[in-house]
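Only one structure is covered here, and it is reproduced in the block below.
Quick note on labels: first sequence line is chain A, next is B, and so on, each numbered from 1. All values below come from the heavy atoms of this structure, side chains included, with hydrogens, waters and symmetry mates left out.
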Amino acid sequence: MEKMMTLNPEQMKAVMHDRGPLLILAGAGSGKTRVLTQRIARLIRELDVSPYQILAITFTNKAAKEMKERVQKAVGEGSEYIQVSTFHSTCVRILRRFCEYIGYERSFTIYDSDDQKTLVKNILKQMNIDSKQFKEKAIMARISKAKDELIDPDRFEAEAADYYDKKIASIYREYQKQLKTCNAFDFDDLICKTVELFRTTPDVLRYYRNRFCYIMVDEYQDTNTAQFELIRLLAEHENEDGEIEKNLCVVGDDDQSIYKFRGANIRNILNFEKYYPETKVIKLEQNYRSTPDILNVANAVIHNNTERKDKKLWTANEKGSAVHYSMYGDETGEADGVSLKIREIMERTGAEYRDFAVLYRTNAQSLSFEKSMRFHNLKAKTIGAVSFFERREIKDVIAYLKTIDNAKDDIATRRVLNVPRRGIGPTTVDKVAAYAAQNELSFYEGLARIEYIPGAERAREKAKSFIALVESMRYEQNNNKLSIKSLIKLVIEETNYMDYLRDDDPETADDRIQNIEALVSYAARYEAEEDEASLTGFLEYCGLNAEEAASEDEEDDGNFISLMTLHNAKGLEFPYVFLVGMEDGLFPSSLSINAEDPISEIEEERRLCYVGITRAMKELFLSSARMRRMYGEQQFNTPSRFLKEIPRYLLDMSTPFNNNYRRQNYMDSEIKDKKPTPAYTKANGDDGYKRHDGGDLSAEPYALNYSKMFTKTGGQTTLSYAEGDTVSHIKFGKGKVISIVKGGKDYEVTVEFPDFGTKKMLSAFANLKKVD
DNA sequence: CGTAGTTTTGTTTTT
DNA sequence: CAAAACTACG
């Protein structure tokens, strides 16, 4: 990209802009990062701005890293003081410092989507909500969307129109409550809780407004409402003359907005000038990446979108080869066609693996390419399917670390409690959770008090030894200042985790062990890089760097063919790009075609297509398959409507149709694997007779219910205290019994504590002791 | 409590 | 066709 040594006039204008809001509409490959870094360099060198006062925000760690490197090159000395970070890590920094103002502890942990899901699941169970009717995924989506739009539970409830929404509102409320009990933020919280902090604590806001005088936001088209608000609040700086300056520079391309489904609000960029009337707008339309034909194709496609700012990419680059299109018989033929083409180009031009990318709509499509590339001896790597930190074994180890670091992190504790198996099952977990909730303890604290929990006798010793294990590791950590690397090793050893992996699934054990080793070296690297390495810091680092980390070992010289989704390809470029699976129903996806608002959803797919096309520098290959297996059955798709938007004369369709490409023997496994169709053994649903023959119903309780639990301990009939007595509680200390009301299964006791206020609790859980 | 067998479900996802 | 999520049994 550094082929242009000088800036073009528009780029120059952007670099020379000094004060006030600036909107840079930067088309794909128009050199925006260069403009951004040059502008930062100029601010420092010519306008005497302190590096410390500059904040540059990106979406991904990768982008932040790249920008840091380039800023370092452009600025040199002092560049390390410029804060270049993602939205999320910017917010984490702020929250680490000031979250106490909004009632969190500074050692908070961050919940990823997996943790969120577990939490929602637990809540559904607790609140006795039918998870058939209220799907976790749907609930999470609603909560996340609400947070993206800065809607808190109160407002959500107020705006809830029907029963369903009201229910969601109550789940949302409980969800937030429990996050707080766990002293945790989810990803969305990081942004909107920072906004909350700014809104409620003017001093903190003032501090940051004065600290960051110049703010730059990259990929601005992908910001959501919460992020917009965050930036809006921040970007108001009072200069020496007491004037308000809004030195906000945003860079984006509305045509590349592909995260609407994740809450990105396209109006943020389309209406930027309305929010900031004094905005200067600069369009960067000269492309330095692709050949004219590739751009013509891109322009032709995106031209069909209605909601966009008018612009047209052009280039002074040399005319290259035409854009190719091929139709194949099925996904196997397509994959082989791509493989062969790559081989041919490599032989013809001397191109390397790293010069190629295969881009597809869904991760599921990667499989046929992986197989084909392996067969044809091409080195390829699938990018981003399952991230390193989402692997089970990694999550387990991390959860141990989280438990050691933050005893309030219930999700982590519950995750590892029975991994490896300790004989503590769901029944015990439920009881402990109920007990903990009743007494406002964390799950871990509840577990530590298991001897007070009626009905959990069976798991008592096991739980105690779990607590002892965690405590001993925590002790090692705190007192012997164990390095994180050693701590991870300690966890592995003490829990016999490797053995667990081996007999859990010998097939995958080796891979998993390798992953854990990768985590150990990842920790070592973190400790080497970070001056103030800490367990909390490491966990945060892991949480915010979801991708990465995995590679490093083996012969990873970075030279491989990239297989990835279109979303993952944003911001990248490759000399040769294969845009595969161009079929209606796949791309654009059938979900967008059949959506409530198909026009806008298909426009988003079209932008995705535009992103894909504009990744290509030299040659672009489009392809589709006539038939493809999806969800286990054959589907016949017509070529994508996006293909029809490309003028015929721009497409080279001379590539022979590859309909009956021979099935290779590597596919044999698939052919011979035709399992007999499962017999229709629809269990003779009627279990009636079974019960009668020999089964003694009364012998074994088929479900442990609460009344059983209580009668076992005899709590129902005898209370050792009465109204007016002074009692003592594990957490709240001494208090006075206000009232005792007999409930169905138990007594509801109201106690007034001097330090904690009045609490209502169930006698069986509260474990109150009379004091004289 | 743990497991094996069954049923359900199915985009994209920077953090 | 797979993976994940349930369910029912030992």
Where do N or O atoms of nucleotides 3-7 of chain C meet protein N or O atoms at under 3.5 Å, pair by pair?
residue: dA5(C); atom: OP1; partner: K117(A); partner atom: NZ; Å: 2.5

| field | Contact list for DNA chain B against residues 251-268 of chain A - heavy-atom distance below 4.0 Å | value | Y259(A), F261(A), R262(A)
| task | Not counting sequence neighbours, list each pair that qualifies as a salt bridge (Lys or Arg N to Asp or Glu O under 4.0 Å) and has a residue in residues 596-608 of chain A. | result | R361(A)-E605(A), E604(A)-R607(A), R606(A)-E645(A)
| task | Hey, could you give me each pair passing salt bridge (Lys or Arg N to Asp or Glu O under 4.0 Å) that has a residue in residues 117-131 of chain A? Not counting sequence neighbours. | result | K125(A)-D430(A)
For [X], enumerate each residue passing the salt bridge (charged side-chain N to carboxylate O under 4.0 Å, His left out) test, keeping only those at least two apart in sequence or located in another chain.
{"X": "D504(A)", "answer": "R392(A), R421(A)"}
{"X": "D409(A)", "answer": "none"}
{"X": "R96(A)", "answer": "E540(A)"}
{"X": "D254(A)", "answer": "K311(A)"}

Tell me which donor-acceptor pairs under 3.5 Å the side chains of residues 132-142 of chain A have, and how far apart each pair is, sequence neighbours excluded?
residue: R142(A); atom: NH1; partner: D165(A); partner atom: OD1; Å: 3.3
residue: R142(A); atom: NH2; partner: D165(A); partner atom: OD1; Å: 3.4
residue: R142(A); atom: NH2; partner: D165(A); partner atom: OD2; Å: 3.3

| query | If a stem is a run of at least 3 consecutive Watson-Crick or G-U pairs, both distances under 3.5 Å, which stems include DNA chain B? | reply | B:1-10 with C:1-10
| field | Residue list, side-chain hydrogen bond (donor to acceptor under 3.5 Å, both in side chains) with E461(A), at least two apart or on another chain | value | none
| remark: Sequence neighbours excluded, the answer for side chain to side chain contact (heavy atoms under 4.5 Å, CB included) partners of T614(A) is A28(A), A298(A), Y610(A)
